[in-house]
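By convention in this document, chain letters (A, B, ...) are assigned in the order of the sequence lines, proteins followed by strands, and residues within each chain are numbered from 1. Keep in mind the model is a prediction, meaning the values are calculated, not measured. Just the heavy atoms: all of them, side chains too, but no hydrogens, waters or symmetry mates, feed the values below.
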Protein chains: 2
Amino acid sequence: MAGMNQSAVRRVNTSVILRALAVSAEPTTLTALAGRTTLSRRTIELILDSLLAAGWVTELDRVPTRGCAGRPARRYELRAEHALLAAARITTEDASAVVADVRGRILGRAHRPLRRYLDPQASLDDVATLVREALADAGGSPERLRAGALAAGGAIDDDGVVRRLVHTTRWEGVDLPTELTGRLRMPWFADNDSNLGALAERWRGVAVDHENVVWAVLGNRTGLGILIRGAVHRGLDGAAGEIVEAASMPTDSVAHRPVSWLTSPEPARRSIALDRVAAARAGEAGALAEVDELVANIASILTTLSWTVAPSLIVLGGGLEDAADVLLPRVREALRAARTPAVELRATGLGRDAALVGAVKLALDRMDTELFGPLVPSL
Amino acid sequence: MAGMNQSAVRRVNTSVILRALAVSAEPTTLTALAGRTTLSRRTIELILDSLLAAGWVTELDRVPTRGCAGRPARRYELRAEHALLAAARITTEDASAVVADVRGRILGRAHRPLRRYLDPQASLDDVATLVREALADAGGSPERLRAGALAAGGAIDDDGVVRRLVHTTRWEGVDLPTELTGRLRMPWFADNDSNLGALAERWRGVAVDHENVVWAVLGNRTGLGILIRGAVHRGLDGAAGEIVEAASMPTDSVAHRPVSWLTSPEPARRSIALDRVAAARAGEAGALAEVDELVANIASILTTLSWTVAPSLIVLGGGLEDAADVLLPRVREALRAARTPAVELRATGLGRDAALVGAVKLALDRMDTELFGPLVPSL
DNA sequence: CTGGATTTCGCGGGAAAGCAGCGTTATCGC
DNA sequence: GCGATAACGCTGCTTTCCCGCGAAATCCAG
């Protein structure tokens, strides 16, 4: 059981100040910080001194506050680029990497097809190269890069070890963080791309202010990411949200079918091509029927989730956002017809970058805990 | 954003010490406490001084530690009865109350049929009377009683306000904590009895050491309590776990059926009488068929939960435990056949007291936060 | 342009709390 | 009885936070 001492207090309070600075893009004054936190002006002053010395913060020129009296306040600004974070993503075909600042602004990118997806070591070499390229693209120096996180498909446990991948067993047991830490000489973390998508939407996307969020990719590729009280919920062996995988198991292997989706006779009908969506927009009957079928399947999964996980928001991503105008109203209607709780349904606000942005957030969170210790829950 | 100061540190550390004392029933020495916490011996000494003064702790006579050299250590013990907690429960027919110490030991009880369930005010008067009787039974004085919590059926929100009850609208909007605080002059809290059942099992029952737990009552009465990362998960409008209620809605009102359970033609078959269970034990074919039907229904719900919430343990309560020998093996077999994750399945360890014990825990947790502030998550 | 109002700065002092460490004390085993 | 052992009880020190006050810088009204 971990008690607290004065340096723990300082760690917490430093983190509070950094967060308060990160919230507003504008330069912030001491008094403003004192108003937003429960800390005294004097304490904030001292903490800012050390942050200034460490390079986390810059002090701007004083500017008279036009329109109201008083001595001009000192203005401080977070140097978001003081620490850079890397994020990478692997799919079966390609890999990509970004370098971002602690605000989540992407400063550099790199992307290429994977040479041999079935060879984990070679693929991780590719990832390391991509990260270096992204850093060069960002124009940052290697020592600025503090941590990184990898987004990948399949079941990845809390420690970033691959438990299971759909298409192959070659990756099973690969310790992604250790591999990348070895190659890039900094802390690395890893998680499933759906979990990271959810995390990203809550950080910089449409799920800001939502505590319980489900990120759903329902199509050819499937994946669910669940946030409960803001944190990724994996469940036993990472099974939480694998209802979509359960649903894609051969029908005859499932004695008790958890969702009616399972009774769908034609699993391949779960996706839809973009040109068919366009045809549906144009009103073509066959395309509309396909859309209805897809909508029914999506609604079935989401109904189950609404009665079990009961998120306040479900975010659709992974390409579904391109058909949002067609799909969303129909799915909403289906959910209403099923009398589910009034869950909000939206398309991703981050698009294809969601997993990468989520990886940046993961690296940031883990670093934060490492640097400043665990925080009080109210933060 | 709440920072920390020195008194917050003391609150946290005091709470750490109290918890450390609560863990072991045996008297504890300073050195032992220092070993279990990260605090220095000196700090623990000072904290124990104030706890001693406040009556939370007693110092026992020194006894030479037989078999090993050295000066005998001072021995401290938590006075669990220094603060008493009340818990009450309302069902449609009766109400009960207990008074317990902070270790969860039940010291006194009271029970009686409700005069008029449909009259909330009269029923709450009954509850207040029962609490006083339970306190008298425990032989405690009123000023020792620090807080209480009420367990009730139906949907109860975070603040303890009744949102919906199955059989009546009379209770809707009743602010249970405020009503009871007014009657009994101490802080009261309230929650759904299923949620409290789950909380109880994690505190003093079979779910100790499990982070993600589902408490399930599946029979004539139904209810699900979900704990995620140790805390009650309600979800949007308390819908989390209401899959069992969704399942009991009239079939034709549900367009998209979330679970195959809904397709069950005969909702009344969801329960089973104890004598039929006995008959099944004896091998009677008709009774066995009834059991199989019930098992299929239970397994269906639990399968869905295993793929969405994915708890590591599901606890069956609410009377099902009486048929555990018949039901559990069959449900386990059904889950294995459905290839669900390897979720553990057990009967309640607390029986009919589960909701009451959970209410004690709720009162304790809320009081703890009030007294000592929010703790760091690692506790 | 001058003086009062306003707002922030900058810093000293005080208090709370944790930690390190050391001499003291009580007990055990021989 | 005597050394080894383990816990006691305390002093002093450090870190950190908070309170509050005089000084400084600016605005604005007359």
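Look at A/R74 and A/E59 and you find a salt bridge, because one of the NZ, NE, NH1 or NH2 atoms lies within 4.0 Å of a carboxylate O, short of that distance. No salt bridge links A/E81 with A/R144; every basic N to acidic carboxylate O contact stays at or beyond 4.0 Å.
Applying the 4.0 Å criterion to OP1 and OP2 of C/dA16, one finds that B/S7 has every side-chain N and O outside that range. Residue B/R11 has no polar side-chain atom (N or O) positioned under 4.0 Å from OP1 or OP2 of C/dA17. The phosphate of C/dG18 (OP1 or OP2) has a side-chain N or O of B/R10 nearer than 4.0 angstrom. A sub-4.0 Å separation between OP1 or OP2 of D/dC17 and a side-chain N or O of A/N13 is present. Applying the 4.0 Å criterion to OP1 and OP2 of D/dC17, one finds that A/S40 has every side-chain N and O outside that range.
No contact: A/L46 has no heavy atom under 4.0 Å from any strand. Within 4.0 Å of A/R41, counting heavy atoms only, lies at least one base atom of the nucleic acid.
The separation between B/L30 atom CG and C/dC19 atom P is 14 Å, rounded to whole Å. The distance between atom CZ of B/R75 and atom P of D/dA6, rounded to the nearest whole Å, is 18 Å. Distance CG (B/L33) to P (D/dC8): 10 Å, rounded to an integer number of Å. As rounded to whole Å, 7 Å separates atom P of C/dA17 from atom CD of B/Q6. The separation between B/E45 atom CD and C/dA20 atom P is 15 Å, rounded to whole Å. Protein atom CG of B/D49 is 12 Å distant from nucleotide atom P of D/dC8, rounded to whole Å. Protein atom CD1 of B/I44 is 10 Å distant from nucleotide atom P of D/dC8, rounded to whole Å. Straight-line distance from the CG atom of A/L52 to the P atom of C/dG10: 12 Å, rounded to whole Å.
For A/V9, the side-chain atoms get nearest to D/dT16 when compared with the rest of D/dC10, D/dT16, C/dA26. Distance from the side chain of A/R42 is smallest to C/dC11 among D/dA25, C/dC9, C/dC11. Distance from the side chain of A/N5 is smallest to C/dG18 among C/dG18, C/dA26, C/dC9.
Checking B/T43 against A/T29, the closest nucleotide of DNA chain C that is more toward the 5' end is the one next to A/T29.
Defined by atom type and a distance below 3.5 Å, a donor-acceptor pair is present between the side-chain atoms of B/S15 and B/R19. A side-chain donor-acceptor contact under 3.5 Å links A/S141 and A/E143.
A donor-acceptor pair under 3.5 Å links the side-chain atoms of B/N212 to the main chain of B/R229, judged by distance alone.
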